[in-house]
Amino acid sequence: MIKTNDATSEQADHLFFDGVDLQLLAQRIPTPFHAYSTTAIRQRIGGLQAAMSGLDATICYAVKANPNLAILQLMANAGVGADIVSVGELRRSLHAGMPPERIVFSGVGKSADEIAGALTVGIHRFNVESHDELLTLQQLARTQGVTARAAVRINPDVDAHTHAKISTGKSENKFGVSIDEARQWFAERSLLSHVQLDGLHVHIGSQILTLEPFRLALQRVAAFRHELEQAGHPVNSIDVGGGLGVCYRAGEDHPVAAADYVAVIREALAGYHGRLLLEPGRYLVAEAGVLLTRVIRVKPGIERQFLVLDAAMNDLQRPSLYDAWHDIVPVSDEPRPLTTYDIVGPVCETGDTFARNRAMPECMAGDLLLIKATGAYGASMASTYNSRPLAPEVLLNQGRYAVVRRRQHFEEMIAGEQPARHWETT
Ligand SMILES: *Cc1c(COP(=O)(O)O)cnc(C)c1O
């Protein structure tokens with residue numbers, strides 16, 4: 001078992017997070033807001049780095065999980081790089097002080113402008129997902145007079161046994177190319193004057209809670225690497241992707257430990273002595289985050305009671321998008337009778353539901369609640385739907401806190417919008 005909440009274990013009553021009194025914090029900062037534990041993130045990074053000791057391996061944090069500049073800075077300072085999927089993420093990473101030589105670029109839809117921009121700053125490597133992209137990379141690198149390092153993203157046709165919307169490594173998914181196609185790319189490698197195609201990349205999905213899918217995918221990658229080396233194509237980099245799962249539901253989700261995960265990598269890639277890249281996102285930040293929210297009102301219904309919160313699907317989309325479970329607990333140590341609620345937000349969508357028929361201590365208006373494990377794909381997926389401003393993000397660190405994103409102002413929300421005054425023709 002991994003200890004996920006060391007930062008709070010001495011105060012396991014949900015009153016404190018990373019040593020910060022959450023009731024007092026919510027008096028300073030109006031809810032809803034996201035809070036992240038520096039200590040918990042550092043523990044995850046440290047644990048993974050320790051498991052990788054002796055390997056030539058770099059963690060490239062998947063920025064999309066949580067792209068807040070303060071989080072990226074924390075990653076950069078811990079020696080972690082970035083896995084980006086857009087030029088916006090590239091700019092954030094550079095802005096946070098991430099060295100370009102620790103940045104890799106993934107994604108099926110990199111535009112020519114994005115590729116050119118990443119070439120200009122000299123990122124470490126492109127994880128290429130289609131032949132068209134490979135040719136575009138070659139052409140743009142030639143124009144700039146540089147050589148791009150590239151890896152083929154292999155679609156290993158492995159079932160990650162995760163939610164369909166976060167499964168990426170089956171042949172029906174849009175990601176990567178088949179091993180047959182990749183073989184062809186390497187065979188024609190010498191035609192690429194400005195691309196050094198010497199890497200393999202695989203990422204089979206997210207929130208994976210067993211080792212088997214990783215092992216299967218890596219075994220396929222290892223066999224293919226062997227075949228390539230035999231054919232005279234050196235493989236200098238293997239990027240094993242991300243996907244390590246976390247605990248969203250206490251007692252039900254049993255994530256694999258970093259050491260066991262890395263042991264599978266070591267075993268599957270035994271005999272490979274090149275560079276390793278790991279791209280965890282969720283694993284590093286999910287359990288380090290909570291969403292603080294207050295009960296607006298308890299609304300009795302005919303069949304069920306609704307607990308209406310001031311947080312909504314625009315602040316945390318995962319329950320509406322993936323039917324994801326998040327543990328929700330009151331920030332209180334009062335003993336209260338248990339009841340059941342449908343826990344919902346104020347947004348005008350039936351999908352704006354955090355939990356159905358959830359057993360909870362009885363709540364009343366004004367109560368402070370904690371929605372747990374929201375550090376990944378929480379704030380990063382937020383929107384202003386229903387014209388709700390983006391919520392603040394607060395970094396906690398051993399009893400202290402720093403606001404790392406203040407609540408969006410109304411003026412910022414509407415900036416860029418204007419009445420249709422100047423009608424033009426094309
Ligand atoms: C999303 C993504 C990741 C991170 O996934 P997690 O499940 O958050 O670890 C890593 N690599 C690629 C290519 C991705 O698209």
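Atoms within a ligand are numbered from 1 in the order they appear, just like the ligands themselves. Computed over heavy atoms, backbone and side chain alike; hydrogens, waters and symmetry mates excluded.
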Please tabulate, one line per pair, the protein N or O atoms found under 3.5 Å from any N or O atom of ligand 1, giving the distance to one decimal.
from     : atom 1 : to     : atom 2 : distance (Å)
ligand 1 : 7 (O)  : Ser206 : OG     : 2.2
ligand 1 : 7 (O)  : Gly243 : N      : 3.4
ligand 1 : 8 (O)  : Arg282 : N      : 2.8
ligand 1 : 8 (O)  : Tyr377 : OH     : 2.6
ligand 1 : 9 (O)  : Gly243 : N      : 2.8
ligand 1 : 9 (O)  : Gly281 : N      : 2.9
ligand 1 : 11 (N) : Asp83  : OD2    : 3.2
ligand 1 : 11 (N) : Glu279 : OE1    : 2.6
ligand 1 : 15 (O) : Lys64  : NZ     : 2.7

Any donor-acceptor pair under 3.5 Å from [X] side chain to [Y] backbone:
X: Glu267; Y: Val264; result: no
X: Asp315; Y: Ala311; result: no
X: Asp310; Y: Ile296; result: no

Classify the ring geometry between Phe224 and Phe186 as parallel (under 30°), tilted (30 to 60°) or perpendicular (over 60°).
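Aromatic pair Phe224/Phe186 classed perpendicular.
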Using 4.0 Å as the upper bound for N to carboxylate O, is an ion pair formed by Arg406 and Glu412?
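Looking at Arg406 together with Glu412, the answer is yes, because their closest N to O distance falls below 4.0 Å.
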Identify whether NZ of Lys or CZ of Arg in Arg44 sits under 6.0 Å from the centre of the six-membered ring of Tyr283 and within 45° of that ring's axis.
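Verdict for Tyr283: a cation-pi partner in Arg44.
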